[in-house]
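Report on the structure given below.
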Amino acid sequence: MERENFASKVGAILAAAGSAVGLGNVWRFPIETGQNGGAAFIIIYIICIIVLGLPIMISEFLIGRYTHSNTAGAYRILSDGSPWKWVGRLGVFTGWFILCYYSVVGGWTMHYTFLSADNVFSGVPAKEFGDIFDGFASNPWKPLFWLYLFIGIIHFVITKGVQSGIEKSAKLMMPTLFIITVVLTVCSVSLPGASKGLEFLLKPDWSKVDSGVILQAMGQAFFSLSLGMGCLCTYASYFDKKTPLGKTAVNVSLIDTFIAIMAGFIIFPSVFNIGMNPNEVGVGASLTFISLPNVFQHAFGDGSILAILFSTLFYFLLFVAALTSAISLHEVATAYVTEEFKLSRKKGAAIVTLTILVLGTLCSLSFGPLSDVKVFDRNFFSMFDDFSGMVLLPLGGMLISIFSGWVLDRQLYRNEISNGGDLRTPYFKLLIFSLRYIAPIAIGLVFLGQLGVFELIGMQ
Ligand code: PFF
């Protein structure tokens with residue numbers, strides 16, 4: 001079967017950046033930064049990206065491009081029949097798993113875009129925003145409608161193929177996302193009192209930094225860069241042999257970090273403008289769908305055109321960010337099903353979409369009719385979220401770094417990142433050192449930290 005490549009280097013970078021820039025940039029990074037020492041957290045986060053993120057991203061790129069295969073196939077080819085082949089399968093499974101709950105939130109962002117545009121939030125008392133969200137999320141039908149629409153859009157893009165689907169949509173959506181980010185940032189930092197918000201976000205406070213904060217920064221860097229599973233490996237299997245892997249990884253990381261910091265510039269000036277305590281805005285869904293609609297409404301004038309526009313653009317931005325990430329997750333599974341079971345792209349994508357529809361439905365209903373159904377003491381949504389974030393991603397990341405540092409042939413590694421000797425790679429030894437020692441140990445600590453092992457033995 002003829003395998004497609006991305007048509008251009010820009011397309012390749014934008015697609016990978018589209019995977020990285022997602023909900024994590026907006027609903028987790030800014031609040032983690034504000035609460036954990038501002039610029040101090042940002043510096044630690046950037047160190048995590050340089051020391052751990054870049055080496056693993058380059059390895060994932062390399063594994064994908066060298067094998068020109070889906071993630072499971074890639075590890076199978078490189079593992080010579082050893083059990084390392086399971087790392088690829090784990091990656092595919094992780095992506096599939098994340099997509100189930102991620103799409104539910106993608107659907108919510110669409111609903112909130114429409115609610116904002118329809119001026120539904122005007123005149124609503126602050127304490128009622130929670131009821132609006134709970135009423136929506138617990139309704140058996142409405143969230144499903146948006147979930148199915150979201151999945152339908154992903155399916156449409158995926159079936160169009162690598163160039164006309166993934167690359168074309170990334171070339172359209174990433175610049176759109178960038179422009180909206182800049183517009184919202186400018187509006188937000190011009191609000192009276194914005195400087196207090198920026199101070200909260202940026203003032204370095206090293207006293208807040210402890211081992212827990214460092215672990216948090218590592219975990220966030222990991223999720224945000226889409227590492228530890230098959231996404232970047234799958235996308236890199238569509239890179240051509242001339243794509244510079246190191247430079248592409250640096251560009252993707254820069255774009256991802258820029259958008260994450262800008263998300264803080266969008267959120268906190270408004271929070272301070274209305275005199276709200278930033279430690280009470282929440283994180284994740286409660287920040288995004290309960291605190292922020294209220295914050296934007298009041299910061300820009302309840303019911304005013306500016307408030308409507310700002311809020312609508314913000315949720316549209318979230319929708320675009322979630323969509324490009326979800327497309328990359330779907331592609332991991334689609335490439336796997338299509339290539340490993342020798343199916344057409346249409347059939348492969350349909351199988352993946354069907355499973356997401358079923359499992360996504362369970363996740364969505366876990367806020368309503370299925371809220372009492374618990375797996376490992378959690379509802380479906382939390383189980384999918386926690387299991388992938390706390391177990392599958394760190395495990396995948398650790399195995400990928402060990403595999404690329406210890407198992408993969410060094411000459412092959414060097415040859416690939418230098419594009420057959422065409423590019424200089426003065427960082428090669430450092431890269432291997434990180435993959436062999438620093439990354440596995442650091443990620444291992446994140447893993448134990450997330451499982452609560454340190455608390456259990458009284459170290460935190
Ligand atoms: N990086 C995305 C975010 O920050 O929201 C989430 C994500 C996408 C994680 C794709 C993992 C992945 F493979």
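As the structure is a computational prediction, the values presented were derived from the model and not from experiment. First listed ligand is number 1; within each ligand, the first listed atom is number 1. Values below: every heavy atom of this structure, side chains too, minus hydrogens, waters and symmetry copies.
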Candidates T243, N419, N5, T248 - the one meeting side chain to side chain donor-acceptor pair (under 3.5 Å) with R65
N419
For L329, the ligand 1 atoms whose distance to one of its heavy atoms is below 4.0 Å
10 (C), 12 (C), 13 (F)
Report yes if some heavy atom in the side chain of Y315 is under 4.5 Å from a heavy atom in the side chain of L115; otherwise report no.
no
Is it the side chain (CB and beyond), the backbone, both or neither of F223 that lies under 4.0 Å from ligand 1, heavy atoms counted?
both
Can you figure out which of A17, S226, S328 has its heavy atom closest to atom 8 (C) of ligand 1?
S226
Please could you name the atoms of ligand 1 that M229 approaches to less than 4.0 Å, counting only its heavy atoms?
11 (C), 12 (C), 13 (F)
Does ligand 1 have an atom that lies less than 4.0 angstrom from a heavy atom of G95?
no
Can you tell me which residue and heavy atom of the protein come closest to atom 5 (O) of ligand 1, and the distance to 0.1 Å?
Y102 OH, 2.6 Å
Parallel, tilted or perpendicular, as decided by the 30° and 60° cut-offs, for the rings of F289 and W108:
perpendicular
Ring center gap for Y112 and F314 short of 6.0 angstrom
no
Using 4.0 Å as the upper bound for N to carboxylate O, is an ion pair formed by K160 and E167?
no
Distance under 4.0 Å to a non-hydrogen atom of C231: what atoms of ligand 1 satisfy this?
10 (C), 12 (C), 13 (F)
Proximal atoms of ligand 1 relative to G24 (non-hydrogen, under 4.0 Å)
3 (C), 4 (O), 5 (O)
Show me, pair by pair, the donor-acceptor contacts under 3.5 angstrom made by side chains of residues 46-62, not counting sequence neighbours?
unit_1, atom_1, unit_2, atom_2, d
S59, OG, P55, O, 2.9
S59, OG, S404, OG, 3.3
S59, OG, Y413, OH, 2.8
E60, OE2, G228, N, 2.9

Pull out every atom of ligand 1 sitting under 4.0 Å from any heavy atom of A20, numbered as shown with elements.
1 (N), 2 (C), 3 (C), 4 (O)
One finds that the ligand 1 atoms under 4.0 Å from a non-hydrogen atom of S19 are 1 (N), 2 (C), 8 (C), 10 (C)
Is the F133-F129 ring centre distance short of 6.0 angstrom?
no
